[in-house]
Number of protein chains: 2
Amino acid sequence: MSDISSKQTVGQQPAPSRARRSKGAAADGGQHARADGPPEVGLVPGVPEWRTTGTLTALQELVEVSETVPAVVARKAGLSTSELHSLRHLMRGPIGPVDLAKVLGVTSAASSGVVDRLVGHGHAERRSHPGDGRRTEVVITERGRAEVLARMTPMFESLAALDATLSEGDRVVVERYLRGATAAMKNLMT
Amino acid sequence: MSDISSKQTVGQQPAPSRARRSKGAAADGGQHARADGPPEVGLVPGVPEWRTTGTLTALQELVEVSETVPAVVARKAGLSTSELHSLRHLMRGPIGPVDLAKVLGVTSAASSGVVDRLVGHGHAERRSHPGDGRRTEVVITERGRAEVLARMTPMFESLAALDATLSEGDRVVVERYLRGATAAMKNLMT
DNA sequence: TAATGTCACTCACCAACTTAGTAATCTACT
DNA sequence: AGTAGATTACTAAGTTGGTGAGTGACATTA
């Protein structure tokens, strides 16, 4: 794990020297230009020399909400994030617990429990696979489908409207950017 | 909500009919035409009548990766997702446990534990707030900063390179799209 | 000064994951 | 055909990281 820690001043930051503002909230430990400095903090805030553009900060914000939204939506629906994630995937068609586990990034033991809860809430049901006695197919129910749509429809409508405003030329540019960003993030997972 | 699901053939997918592939891994419950199948599944798969564009599917993939990456990266680093999230936020400057809790979307009881673990691993330290005896500031250490940079730098470099290829005109288009998408998702949280 | 609010923290509990192992079934190789 | 090995779904027990409730120290306001 990160043998990187070469020099290490570990504990102490240089010492605040700067007199404290009496301000309540900000806290400002004195490290980097936050409130008063130049407008930007950088895509990696804390490494100010990395230049930032409007598109990059917009991308960063999108990624940030993408991480936040599922947890919030799931909670509102009374589901765990794994359950919501499963439900969304089940919209595409039936799938077995083992494959579902791969989609979720958890063990099959965990996904077995996820399916239990889904079935318990009436959002999905188990069905035995014709032709392979080991397999179980998990199938979304009407209720599960309605739940997902109810939670996500407004977003899809907004997105579709936004998307419709793009010209053909714009599409090429935007899609290339999105796919490039996706690839960059996927690389972190390797 | 979503009276949309008007007709819907609900549960049953047409039935797999297709003979099973002997293949070990894929298992292919008929789910996503990802690599090989017909190009599109629909932004809301399971509601085929919703039209999909290249940009929308690219956006969907980006969002999906954004949800997946943090968990994978955190695990590789031996951190919980909350710890990684905190660390990333701490790059911007010190913050108290209560505010950190708001950022993470958890209770302050939980964030107290997060800070404990961060401090235990040497990634951050507690410092008492000058001027307000109740407050504690959580400050990232050099080691914590190095950890984040080590994990995320390759991504930022790729993104910066990608971003640099945009013309001024492109930027306007892309940024508008990204901000629009962000807004659409944020609305789900309200 | 007293009342009220805020912050960081602890405690008991719980949900959702992990590892380790099971029985049933399928596949491949003699 | 018979059997060894994979694969699937599941269970059991333990761990992790969260919640809700409540505490004491301090700050702010009446």
Side-chain angles (χ1 to χ4, degrees), chain A residues 20 22-27 68 70-72 74-87 94-121 124-139, chain B residues 19-29 70-72 74-75 77-87 94-121 124-139:
Chain A
R20 72 292 188 74
S22 62
K23 267 305 288 307
T68 312
V72 174
R75 177 169 293 210
K76 287 208 302 178
L79 299 169
S80 71
T81 57
S82 288
E83 282 158 21
L84 178 61
H85 196 163
S86 300
L87 236 28
I95 185 176
V98 167
D99 291 318
L100 185 59
K102 286 172 193 159
V103 170
L104 297 177
V106 300
T107 62
S108 69
S111 82
S112 202
V114 169
V115 174
D116 280 350
R117 281 169 280 158
L118 248 23
V119 169
H121 290 128
E125 52 183 38
R126 282 182 232 252
R127 176 172 313 184
S128 66
H129 186 110
D132 188 338
R134 295 167 302 178
R135 290 176 183 265
T136 298
E137 280 182 339
V138 181
V139 183
Chain B
R20 70 296 190 74
R21 281 79 133 76
S22 63
K23 265 305 287 306
D28 170 22
V72 174
R75 178 171 291 209
L79 299 168
S80 71
T81 57
S82 289
E83 282 159 21
L84 179 61
H85 196 161
S86 300
L87 236 27
I95 187 176
V98 166
D99 290 321
L100 186 58
K102 287 172 193 158
V103 170
L104 297 178
V106 299
T107 62
S108 69
S111 82
S112 202
V114 170
V115 174
D116 281 350
R117 280 169 285 162
L118 249 23
V119 170
H121 289 128
E125 54 181 35
R126 282 184 232 252
R127 176 173 314 183
S128 65
H129 186 108
D132 188 338
R134 294 167 305 179
R135 289 176 183 266
T136 298
E137 280 181 339
V138 181
V139 183

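Chain A is the first sequence line, chain B the second, and so forth, proteins listed ahead of strands; every chain is numbered from 1.
Counting heavy atoms from C-beta outward, B/Arg127 and B/Pro94 have side chains that stay 4.5 Å or more apart.
Put simply, B/Arg117 has a side-chain N or O that comes within less than 4.0 Å of OP1 or OP2 on D/dG17. Contact annotation: A/Arg135 side-chain N/O to C/dA24 OP1/OP2 distance is not under 4.0 Å. Between B/Arg134 and D/dT23, a side-chain N or O to OP1/OP2 separation shorter than 4.0 Å is absent.
Using a 4.0 Å heavy-atom distance criterion, A/Thr107 is classed as a base contact. Across all strands, A/Gly133 comes closer than 4.0 Å only to sugar-phosphate atoms, never to a base (heavy-atom distances). Residue contacts shown for A/Val114 are limited to sugar-phosphate atoms, with no base heavy atom under 4.0 Å away.
With hydrogens and angles disregarded, no donor-acceptor distance shorter than 3.5 Å links the side chain of A/Ser112 to the backbone of A/Ala109. Side chain of B/Ser111 to main chain of B/Pro97: a donor-acceptor pair is present (N/O by atom type, distance under 3.5 Å, no hydrogens or angles). In terms of modelled atom types and a separation under 3.5 Å, the side chain of A/Ser86 and the main chain of A/Ser82 share a donor-acceptor contact.
Residues A/Pro70 and A/Leu84 share a closest heavy-atom pair of O-CD2, 3.8 Å. The minimum heavy-atom distance between B/Val119 and B/Arg126, with the atom names listed, is CG2-N, 4.2 Å.
One atom, CG of B/Asp99, and another, P of C/dC7, lie 7 Å apart when rounded to the nearest Å. The separation between A/Leu104 atom CG and C/dA16 atom P is 13 Å, rounded to whole Å. Here the C1' atom of nucleotide C/dA8 and the CG atom of B/Asp132 are 11 Å apart, to the nearest Å. To the nearest angstrom, C1' of D/dT8 lies 12 Å from NE2 of A/His129. The nearest whole Å value for the distance from the CG atom in B/Leu118 to the P atom in C/dC9 is 12 Å. Straight-line distance from the CZ atom of A/Arg75 to the C1' atom of C/dA15: 12 Å, rounded to whole Å. In this entry the distance linking CZ of B/Arg126 with P of C/dA8 reads 10 Å, nearest Å. B/His121 places its NE2 atom 13 Å from the C1' atom of D/dG17, with the value rounded to the nearest Å.
Minimum atom distance to the side chain of B/Thr136 is reached by C/dA8, of the listed C/dA8, D/dC26, D/dA21.
Here A/Thr136 contributes atom OG1 and A/Ile95 contributes atom CD1; the two are 12.5 Å apart, rounded to the nearest 0.5 Å.
Heavy-atom nearest nucleotides on DNA chain C were determined for A/Gly105 and for B/Ser112, and the one closer to the 5' end corresponds to B/Ser112.
Contacts between residues 79-87 of chain A and DNA chain D, counted as heavy-atom distances below 4.0 Å, involve no residue at all.
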